[in-house]
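One structure is given below, encoded as structure tokens.
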Amino acid sequence: FRDQALARGHQTLQVPAYSSAVLLVEALKQVGRDLTREKLVSTLESIQGFEPGLVPAVSFNAKRRIGALGGYIVGLDIKGKNFRQLGGFVPLP
């Protein structure tokens, strides 16, 4: 998180928000200067295997707009008032 200058609180909200912003920036770069809603949606629907950095690669198409195919298991550190990752990425069955 230091590289992205994110505060330590609310990490469970920051990671997907940051990753979504990275994805949006990539889509906007692909669309270019002639941006329309239709072009942005079409570009997002064509993204395959994009790696935003903090989450596993995401892919989209016209019928599937959910990027994550799994998640991380975390534990609550009550003393530190924080979450801690307990393992790697767990794909959905």
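Just so you know, residue 1 is the first one in the sequence shown, and it goes up from there.
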Legend entry - Inter- and intrachain pairs under side-chain hydrogen bond (donor to acceptor under 3.5 Å, both in side chains), touching residues 20-29, at least two apart: E26-Q30
Legend entry - Donor-acceptor contact below 3.5 Å, side chain E51 vs main chain G53: no
Legend entry - Distance-minimising heavy-atom pair for G49 and S59: N-OG, 2.7 Å
Inset, instruction - Go through the structure and list residues passing side chain to side chain contact (heavy atoms under 4.5 Å, CB included) with I78, not counting sequence neighbours. - result: L76
Inset, instruction - May I ask you to check whether over 12 heavy atoms, not counting those of L86, lie within 6.0 Å of atom CG? - result: yes
Inset, instruction - Go through the structure and list residues passing side chain to side chain contact (heavy atoms under 4.5 Å, CB included) with L28, not counting sequence neighbours. - result: L24, L35, L40
Inset, instruction - Identify the two heavy atoms, one from S19 and one from P52, that lie closest to each other, and give their separation to 0.1 Å. - result: O-CB, 3.8 Å
Inset, instruction - Identify, with sequence neighbours excluded, every residue that meets side-chain hydrogen bond (donor to acceptor under 3.5 Å, both in side chains) alongside D34. - result: K39
Inset, instruction - Please examine the side chains of F60 and L23, heavy atoms only from C-beta on, and report whether any two atoms are closer than 4.5 Å. - result: yes
